[in-house]
Amino acid sequence: MQTSGHGHVWKKIADTYQQWDQDRFELMAMDDLSERLPEFEPRLIEQALDEARSAGRVATSGDGRFRLVPNN
């Protein structure tokens, strides 16, 4: 994550998600995440989530929702 410059964005995403669902079970809408993190462009959030998914840190649904993968 750090190599592409999305590390800071990822940290904010992970922190925001954990405050929203401490058990990391629920799927959060990307639109909801964008509203909670207005300091980042939605495209930047999407890129950070794509990298996290590739690294196995995030599970996504086909309808624009995601969750953090436990123990990652």
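Owing to the predicted nature of the structure, the values given are computational and were not obtained by experimental measurement. For the numbers below, each heavy atom of this structure counts, side chains included, while hydrogens, waters and symmetry mates do not.
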Please determine whether a side-chain nitrogen of the Lys or Arg among Asp50 and Arg53 lies less than 4.0 Å from a carboxylate oxygen of the Asp or Glu.
yes

Would you say Asp21 and Met28 make side-chain contact, with heavy atoms under 4.5 Å?
no

Heavy-atom distance under 4.5 Å between the side chains of Arg57 and Val69, does that happen here?
no

Measure the CD-CD distance between Glu41 and Gln47 for me, rounded to the nearest 0.5 Å.
10.5 Å

Dump the intermediate steps for side-chain contact (heavy atoms from CB on, under 4.5 Å) on Ile13 and Leu33, then the final yes or no.
CA-CA 8 Å; Ile13 290 169; Leu33 183 61; 3.8 Å; yes

Specify the closest pair of heavy atoms between Val9 and Ile45, including all atoms of both residues, with the distance to one decimal.
CG1-CA, 4.3 Å

Aromatic plane relationship, Phe66 with Tyr17 - under 30° parallel, 30 to 60° tilted, over 60° perpendicular:
tilted

Answer whether the closest heavy-atom distance between the side chains of Arg65 and Glu26 falls below 4.5 Å.
no

Any side-chain heavy-atom pair from Leu44 and His6 closer than 4.5 angstrom?
yes

Considering non-hydrogen atoms only, spot the tightest contact between Trp20 and Leu27 and give its length.
CH2-O, 3.3 Å

Just wondering, do Leu68 and Gln18 contact through their side chains at under 4.5 Å, heavy atoms?
yes

Just checking Glu39: does its CD atom have more than 12 heavy atoms from other residues, nucleotides or ligands closer to it than 6.0 angstrom?
yes

4.5 Å side-chain heavy-atom contact, Pro70 and Arg67
yes

Under the criterion side-chain contact (heavy atoms from CB on, under 4.5 Å), I'd like the reasoning laid out for Phe40 against Lys12: C-alpha separation, chi angles, the key distance, then a yes or no.
CA-CA 10 Å; Phe40 299 116; Lys12 293 291 260 181; 3.8 Å; yes

In sequence, state the C-alpha distance, the side-chain angles, and the governing distance for Gln19 and Arg36, and then conclude on side-chain contact (heavy atoms from CB on, under 4.5 Å).
CA-CA 11 Å; Gln19 289 174 5; Arg36 292 171 185 259; over 6 Å; no

